[in-house]
Q: 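Sending over a structure as structure tokens; questions will come in a sec.
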Protein chains: 2
Amino acid sequence: MQLTSGLTGKITPEMEQAALWEGTTPEFVRLGLAEGRIVIPKNRRRSFPARGIGTGLRTKVSASIGLYGAEGSVKEETAKIRAALEAGADALMDLSVSGEIDAMRRETLALAPVPVGTLPLYQALAEAAGKYGSSLKMEAEELFEVIERQAADGVDFLALHSGMTMRVVERARLVKRADPLVSYGGAHLTGWMVHHQRENPLYEHFDRVLEIAGKYDVVVSLADGMRPGCLADSLDGAQVEEMVVLGELVKRAREAGVQVMVKGPGHVPLNQLKATVTLQKSLCHGAPYFVFGPVVTDIAAGYDHISAAVGGAISAWAGAELLCYVTAAEHLGLPDADQVREGVLAARIAAHAADLARGLPGAAEWDLEISRARKKLDWERQICFSIDPARAEALRKERTSEFSSKCTMCGKYCAMELVSEYLGSAKQAC
Amino acid sequence: MQLTSGLTGKITPEMEQAALWEGTTPEFVRLGLAEGRIVIPKNRRRSFPARGIGTGLRTKVSASIGLYGAEGSVKEETAKIRAALEAGADALMDLSVSGEIDAMRRETLALAPVPVGTLPLYQALAEAAGKYGSSLKMEAEELFEVIERQAADGVDFLALHSGMTMRVVERARLVKRADPLVSYGGAHLTGWMVHHQRENPLYEHFDRVLEIAGKYDVVVSLADGMRPGCLADSLDGAQVEEMVVLGELVKRAREAGVQVMVKGPGHVPLNQLKATVTLQKSLCHGAPYFVFGPVVTDIAAGYDHISAAVGGAISAWAGAELLCYVTAAEHLGLPDADQVREGVLAARIAAHAADLARGLPGAAEWDLEISRARKKLDWERQICFSIDPARAEALRKERTSEFSSKCTMCGKYCAMELVSEYLGSAKQAC
């Protein structure tokens with residue numbers, strides 16, 4: 001197990017792989033793991049190059065796919081997985097809520113040489129609906145069976161709404177949110193709890209969760225069922241009270257030797273992003289923070305990947321280590337493969353901008369390389385060092401004729417040559 | 001004149017129009033004008049609804065178009081103007097550097113019911129190239145003739161590189177920038193200065209600039225020829241020394257009763273955005289700050305509208321009042337009409353996110369309206385309150401079938417109805 005190895009001072013091959021890729025030392029990764037500030041999501045049963053997520057490492061990006069509604073197909077989602085990987089996603093989540101959920105997950109695990117996460121509650125609800133005609137009839141036992149099945153399949157991180165206790169739900173009632181429960185899993189779980197008048201089994205039996213996670217060395221990703229779904233609800237009593245509970249669970253997971261990270265919002269105004277991350281780091285004892293965007297306004301439907309890039313950049317600069325992408329289809333429908341691709345790239349731009357601002361070793365060098373190529377008018381290198389060389393090249397080609405026209409500005413003496421000579425630099429672009 | 005009226009306590013119809021549109025008082029706008037923190041770019045000869053730019057007002061967005069190279073046409077650029085206006089641009093800049101520059105400007109002025117800015121140096125250089133076979137042979141007198149011609153045509157704000165003195169150029173030589181001069185006008189002007197070994201006429205004869213600006217009540221937009229063209233050059237000696245000179249010119253403009261704003265970068269890392277705006281506000285005596293993006297990484301060619309939305313949001317939150325859009329074609333070529341449209345919308349999202357963070361009256365209400373519609377599953381209102389209803393509707397329609405499938409999760413008792421009843425809210429979305 002990565003965490004227990006880290007605690008006993010043992011450096012695992014996964015720590016070495018993660019360190020090599022980041023240009024840091026295995027000891028740095030080991031210490032981060034031991035202190036709970038770094039996780040390496042990699043199921044004991046899976047084989048792919050291990051990567052760390054956490055303090056002092058590059059900001060990572062996760063893309064979500066999955067079956068939803070009658071029209072989705074494994075094939076269609078597979079195309080999205082390919083698009084996400086090509087665009088540079090560091091992790092994937094299969095968030096299937098219906099259809100061939102087992103097949104989809106297994107296909108995702110087979111295809112993706114990156115950590116794969118799932119949200120087992122979705123499958124447990126769907127199976128109960130199929131079996132009993134109602135998801136409300138799900139038995140707690142069935143939920144744990146699904147968790148075990150997904151972990152046994154090789155899932156690397158499990159999203160679990162363990163912090164949504166009865167008291168937290170009661171708090172949501174008291175604070176009268178503008179949009180109470182935008183988390184699909186959170187809302188269904190609340191419905192189940194209210195219907196049965198029973199405590200959340202993912203909280204009540206958190207030890208069982210830890211037992212399964214420990215068995216396969218799966219990272220527990222504590223999901224925020226109370227994540228705000230609009231700016232007006234950001235940092236309200238329901239969100240913060242749940243975050244306090246998540247902090248309690250972070251400690252319990254660590255004590256059980258289980259790696260843990262915490263999921264975050266959602267919808268956050270610019271001026272609350274830093275506070276949100278600071279609060280999570282304090283309440284959750286430095287656990288890696290996996291934020292969903294966040295979008296910084298509610299009105300950008302159709303462009304939420306842009307709104308999320310703004311929120312993601314500031315969040316990652318403030319300390320969030322994993323950004324869940326948001327696509328242009330958010331709030332409107334499910335993304336197609338192109339929107340998946342653009343969503344991953346928007347999040348990667350945010351992640352890199354944050355890495356630059358944090359002074360992460362190696363980050364500024366990338367920008368300097370492309371800037372030097374730009375100065376030298378070396379198009380090949382500019383394209384090659386762009387975040388998406390294929391797109392940069394395509395746009396460049398579309399527009400090349402405009403640049404190919406011979407310059408008629410200066411005649412005999414080129415003003416740009418005069419400038420370059422004076423400044424002692426390579427020839428200035430005109 | 002707006003500024004002199006403001007100073008003598010007189011409220012003009014333009015101040016009233018601007019105040020009405022912002023939901024503030026004419027006195028607030030008058031005071032901002034008098035103190036130089038607000039400008040109203042509206043040529044004495046033009047007629048359109050006046051808007052203010054500056055402290056305490058909504059963050060505005062400007063889109064640039066113009067003839068460039070042999071292939072451009074007035075017709076093509078006109079389509080881009082329409083796209084920019086439809087997308088909600090608050091201002092336009094015609095940055096034509098070749099072809100029928102007079103015709104393009106006059107067409108822009110005729111079409112656009114918003115402030116129009118130009119950069120007269122471009123036309124003066126192009127005309128000298130045509131007349132003498134070299135732009136380097138441009139006479140200072142000819143530059144002032146073009147400034148007068150453009151102002152007389154009705155241009156509302158004039159971009160002028162008046163701060164690029166010989167000393168500033170010398171500083172650029174000393175600091176050895178990674179990418180010395182990315183401003184097209186700045187680079188050509190430097191070439192002219194080096195060639196003639198003469199001081200910048202826009203600095204030396206700044207009084208003539210002010211005289212023309214005063215005559216037509218045009219806003220002087222002090223352009224930053226030394227704007228950094230890569231993160232590595234941000235906040236270096238050349239940029240800051242020029243900003244000091246721009247501050248000197250802000251004072252001189254105000255003393256002459258001429259409204260003035262200051263142009264800014266460019267390429268700025270996340271962690272230098274706030275410092276850049278704070279420095280400008282201090283050195284330039286609170287003059288409105290018109291920033292170009294800024295992009296927050298050099299590597300996002302193809303997605304620079306996203307990178308610029310990140311930089312624009314933080315800059316505007318820190319106090320910049322006008323965002324010059326950046327399109328997806330930036331660093332690769334000229335944008336087409338679709339990229340213009342998307343560039344304006346990306347900048348508007350940034351502007352609105354900043355207005356929310358600044359607590360600008362009225363900003364949060366917009367987000368609350370759409371969030372309430374979202375909660376109620378009222379698609380018509382969600383679309384209507386989206387920043388780009390046409391795009392939101394198109395994406396929604398593409399994906400509608402996925403949402404139309406009947407819910408089979410809960411059977412007899414809907415979990416969402418239970419939740420809503422418990423929380424005392426409208427029915428929860430599933």
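In what follows, chains are A, B, ... by sequence order, proteins preceding strands, each numbered from 1. It should be emphasised that the depicted structure is a prediction, and the values quoted were computed from it without experimental measurement.
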Q: Less than 4.5 Å apart, any side-chain heavy atom of B/C410 and any of A/H188?
A: yes
Q: Got a second to check how far B/D179's CG is from A/R374's CZ, nearest 0.5 Å?
A: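 The CZ atom of A/R374 is 8.0 Å from CG of B/D179, to the nearest 0.5 Å.
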Q: Give the minimum heavy-atom separation between A/L270 and B/A353, together with the two atoms involved.
A: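 Between these two residues, the closest heavy atoms are CD1-O, 3.7 Å.
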Q: Checking heavy atoms, do the side chain of A/A364, its backbone, both or neither come under 4.5 Å from chain B?
A: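 The answer is neither part of A/A364.
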Q: Among residues two or more places apart or on two chains, list those pairs meeting salt bridge (charged side-chain N to carboxylate O under 4.0 Å, His left out) that have a residue in residues 350-359 of chain A.
A: A/D355-A/R358
Q: I want to check something: taking the side chain as every heavy atom from C-beta on, are B/W317 and A/N271 in contact at a cut-off of under 4.5 Å?
A: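 Heavy-atom side-chain distance check passes, below 4.5 Å.
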Q: Name the region of A/A128, side chain, backbone, both or neither, that has any atom closer than 4.5 Å to a heavy atom of chain B.
A: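 A/A128 has no heavy atom closer than 4.5 Å to chain B.
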Q: Any chance you could measure A/S371, atom OG, to B/H267, atom NE2, to the nearest 0.5 Å?
A: 7.0 Å
Q: Pick whichever of B/H195, B/E421, B/M138, B/Q382 has the most heavy-atom pairs under 4.5 Å with chain A.
A: B/H195
Q: Rounded to the nearest 0.5 Å, what separation is found between the CG atom of B/L231 and the CG atom of A/D367?
A: 5.5 Å
Q: With a 4.5 Å cut-off on side-chain heavy atoms, are B/I387 and A/Y303 touching?
A: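 When only atoms from C-beta onward are counted, B/I387 and A/Y303 do touch, with a gap below 4.5 Å.
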Q: Say you draw a straight line from CG of A/D304 to OG of B/S386; how long is it, rounded to the nearest 0.5 Å?
A: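 One finds 8.5 Å between CG of A/D304 and OG of B/S386.
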Q: Return the minimal non-hydrogen interatomic distance between B/L332 and A/R396, and the atom names on each side.
A: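 Heavy atoms only, the tightest pair is O-NH1, 3.6 Å.
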Q: If every non-hydrogen atom of A/H305 is compared with every non-hydrogen atom of B/E342, which pair is closest and at what distance?
A: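 Distance-wise, the nearest heavy atoms are NE2-OE2, 4.3 Å.
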Q: Within the 4.5 Å heavy-atom criterion, are A/S425 and B/R173 side-chain neighbours or not?
A: no
Q: Between CG of B/L334 and CD of A/E398, what distance do you get to the nearest 0.5 Å?
A: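 One finds 12.0 Å between CG of B/L334 and CD of A/E398.
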Q: To the closest 0.5 Å, what do you measure between CG (B/D298) and CG (A/L356)?
A: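 Here the rounded value is 8.0 Å.
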Q: Nearest heavy-atom pair of B/A232 and A/L368: which atoms, and what distance?
A: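 That closest heavy-atom pairing would be CB-CD1, 3.6 Å.
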Q: Measuring heavy-atom distances to chain A, does B/D233 have an atom under 4.5 Å in its side chain, in its backbone, in both, or in neither?
A: neither
Q: Check A/G191 against B/L418 and note the closest heavy-atom contact, atom names and distance.
A: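 Looking at all heavy atoms of both residues, the closest pair is O-CD1, 3.9 Å.
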Q: Using non-hydrogen atoms only, which part of A/L181 is less than 4.5 Å away from chain B: side chain, backbone, both, or neither?
A: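 It is both, since atoms from each part get that close.
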Q: Check whether any side-chain heavy atom of B/V169 sits under 4.5 Å from a side-chain heavy atom of A/Y422, and report yes or no.
A: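 B/V169 reaches A/Y422 side chain to side chain.
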Q: When heavy-atom pairs shorter than 4.5 Å are enumerated against chain B, which of A/A126, A/A309, A/A392, A/S98 gives the highest number?
A: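 Winner by heavy-atom pair count: A/A392.
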Q: Does the side chain of A/L395 come within less than 4.5 Å of B/Q339's, by heavy atoms?
A: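 Yes - at least one pair of side-chain heavy atoms lies under 4.5 Å apart.
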Q: Please identify, among B/L423, B/I370, B/I299, the residue contributing the most non-hydrogen atom pairs under 4.5 Å to chain A.
A: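 Among the listed options, the one with the most contacts to chain A is B/I299.
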Q: Any heavy-atom pair between the side chains of B/P180 and A/K375 that's under 4.5 Å?
A: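 A side-chain contact under 4.5 Å exists here.
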Q: Heavy-atom distances under 4.5 Å only: say whether B/L125 touches chain A with side chain, backbone, both or neither.
A: both
Q: Please rank B/A129, B/G130, B/A313, B/S134 by heavy-atom pairs under 4.5 Å with chain A and give me the top one.
A: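 Heavy-atom pair counts peak at B/S134.
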Q: Under a 4.5 Å heavy-atom cut-off, does chain A meet the side chain of B/A394, its backbone, both or neither?
A: neither
Q: Please examine the side chains of B/I349 and A/V310, heavy atoms only from C-beta on, and report whether any two atoms are closer than 4.5 Å.
A: no
Q: For chain A, which of B/E393, B/E170, B/R177 has the most heavy-atom pairs under 4.5 Å?
A: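 Most heavy-atom pairs within the cutoff with chain A belong to B/E170.
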Q: Does any backbone or side-chain atom of A/P335 lie under 4.5 Å from a heavy atom of chain B? Answer side chain, backbone, both or neither.
A: backbone
Q: Tell me, side chain or backbone of A/V194 under 4.5 Å from chain B's heavy atoms, or both, or neither?
A: side chain
Q: With a 4.5 angstrom heavy-atom cut-off, could you sort out which part of B/A300 is near chain A: side chain, backbone, both or neither?
A: both
